[in-house]
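Predicted model only: the values in this text are computed from it and were never measured. For this chain, numbers begin at 1 and follow the sequence in order.
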Amino acid sequence: MIQEERIQHLNNTRPNRNGQFVLYWMQQSQRVKFNQALEYAAQSANDASVPLVVFFAVTESFPEANLRHYHFMLSGLKQTEMQLRDRGIRFVIRICKNIEECVAELAQRAVMVVTDWGYLSIQQLWRKQLVSVLNCPFVQIESDAIVPVMVASSKQEIGARTLRTKIQKNFNRFLQPLKEVSIGKDSLHLKFKSESLSDTDAFLELLKIDRTVPVVKWLKGGPEEAETVLGRFLKKKLSGFGQYRNDPSKNHLSNLSPYLHFGQISPVHVALKVSEAGSADTAAFLEEMVVRRELGFNFCMYNGNYDSFSAIPGWAAETLQKHRKDKRPRHYSLRELENAQTYDSYWNAAQREMVHLGKMHGYMRMYWGKKIIEWSPTPNEAFKRALYLNNKYSIDGRDPNSFTGVAWCFGLHDRAWGERDIFGKVRYMNSKGLERKFDMKKYVELVNKRVDRELNNGSHR
């Protein structure tokens, strides 16, 4: 069952009587399994006695996306196409300069258009622009959050402590299995212009994109790989997650964030599997994947400036600006930071981890961001640098949680601390704090070993 609160009718247009199919414009939820938008579209197609067609538009101009991101995404879409074919559903993929025009063109033959939910400004803009041009019903389904963002809260929350109780109040109601709809009419026979996904590298050659960031070899994209990663986590790392998740030297992480970012696995599916495991660490994991992750959705949905310094709380902006002329112990250029050329071996390891592996340990990301504030000429410049580096190299960059994580380093979702140079009242972190809590020498060795493997053959298991 798809809860009513997951369904949002974006216009009041009547169904197109001459429509030949229901069109699901897949964008955020790039999967077949446990996809509420797909199942809603399938049921709508059955109700109208027409086939279902799934469309994906590839844009070459998605902000800050590069070869690393496109390769991971297209590897996943290749699997998605095969899984749709197994259900008798035609998958159409095109390279589009203007996504709205591509969707609108196909929609001329559609009874209705269904899409999934997007939280970033560009995603919301695409949907808003389509509302004005579609001549059939346009329905949006929340399929990438457990508790729909607007059900959890109608405003930007102060932090996890204020959102947590609202999430918990609705959690069990939305954490429900999803029944797969039987496809009434096969659409594989329908003819459409579509690119081939049989060769990912060949598809990538068609795209005019930034190719300066290499593909990550150790982490493969796709719903099937996401299930493998989830299974490995449940078996080996769920136990002890609460104790070790923040320890960089343990690498006791789920590694699910890239798959959640591209919608290649459902958070509801993950939460059900983790809950079924009956581990003492289930609550700790759900705090991270549900409360913290959906706090990021809340931030981006209700703060249109999420990608700029102006998004941070007033008290934080004021105190950082007050100390903007404080003497910095060191100054590094953006290029020096990008190349991990600082005096700090821990920071350098975190940067190398992100550059070469496409993913940085979550605790180190906090330390990493704090030091960028300390080493940049102004807090505004530090914010830009942190976002640039994170979004360029992280596979799960350009995500609500990426924007939220960077803004946290500047005071978002945090409180005022004792005042000090450079940071003012914004929380400060230093290397001695890392050393008191963790075996940082082991962390540096672990990163170096993993980076060496990646540069040689990509095998990390």
Residues two or more places apart in sequence or in another chain: which of them pass side-chain hydrogen bond (donor to acceptor under 3.5 Å, both in side chains) with Glu157? Ser153, Thr162, Lys166

For Phe241, which residues count as a ring-ring contact (aromatic ring centres under 6.0 Å, His included) partner, sequence neighbours excluded? Phe233, Phe285

Partners passing side chain to side chain contact (heavy atoms under 4.5 Å, CB included) against Thr319 (at least two apart in sequence or in another chain): Trp315, His323, Glu419, Lys425, Val426

Can you sort out the partners of Gln83 under side chain to side chain contact (heavy atoms under 4.5 Å, CB included), two or more places apart, ordered by chain and number? Val32, Pro223, Glu224

Residue list, ring-ring contact (aromatic ring centres under 6.0 Å, His included) with Tyr388, at least two apart or on another chain: none

Excluding sequence neighbours, so at least two apart, what forms ring-ring contact (aromatic ring centres under 6.0 Å, His included) with Phe383? Phe410

Which atom pairs, one a donor and one an acceptor, fall under 3.5 Å between side chains of residues 202-210 and the rest of the protein, sequence neighbours left out?
residue : atom : partner : partner atom : Å
Asp210  : OD1  : Thr212  : N            : 2.9
Asp210  : OD1  : Thr212  : OG1          : 2.6
Asp210  : OD2  : Thr212  : OG1          : 3.3

Residues in side chain to side chain contact (heavy atoms under 4.5 Å, CB included) contact with Asp414, at least two apart in sequence or another chain: Trp408, Trp417, Arg427

Under the side chain to side chain contact (heavy atoms under 4.5 Å, CB included) rule, collect the residues that match up with Ser121, sequence neighbours excluded. Tyr306

Donor-acceptor pairs under 3.5 Å, side chain of residues 431-438 to any protein atom, not counting sequence neighbours: which ones?
residue : atom : partner : partner atom : Å
Glu435  : OE2  : Tyr346  : OH           : 2.6
Lys437  : NZ   : Tyr363  : OH           : 2.9

Report the residues that fulfil ring-ring contact (aromatic ring centres under 6.0 Å, His included) with Tyr428, sequence neighbours left out, ordered by chain and then residue number. Phe423

Residue pairs passing the salt bridge (Lys or Arg N to Asp or Glu O under 4.0 Å) test where at least one lies in residues 25-41, sequence neighbours excluded: Arg31-Asp144, Lys33-Glu227, Glu39-Arg87

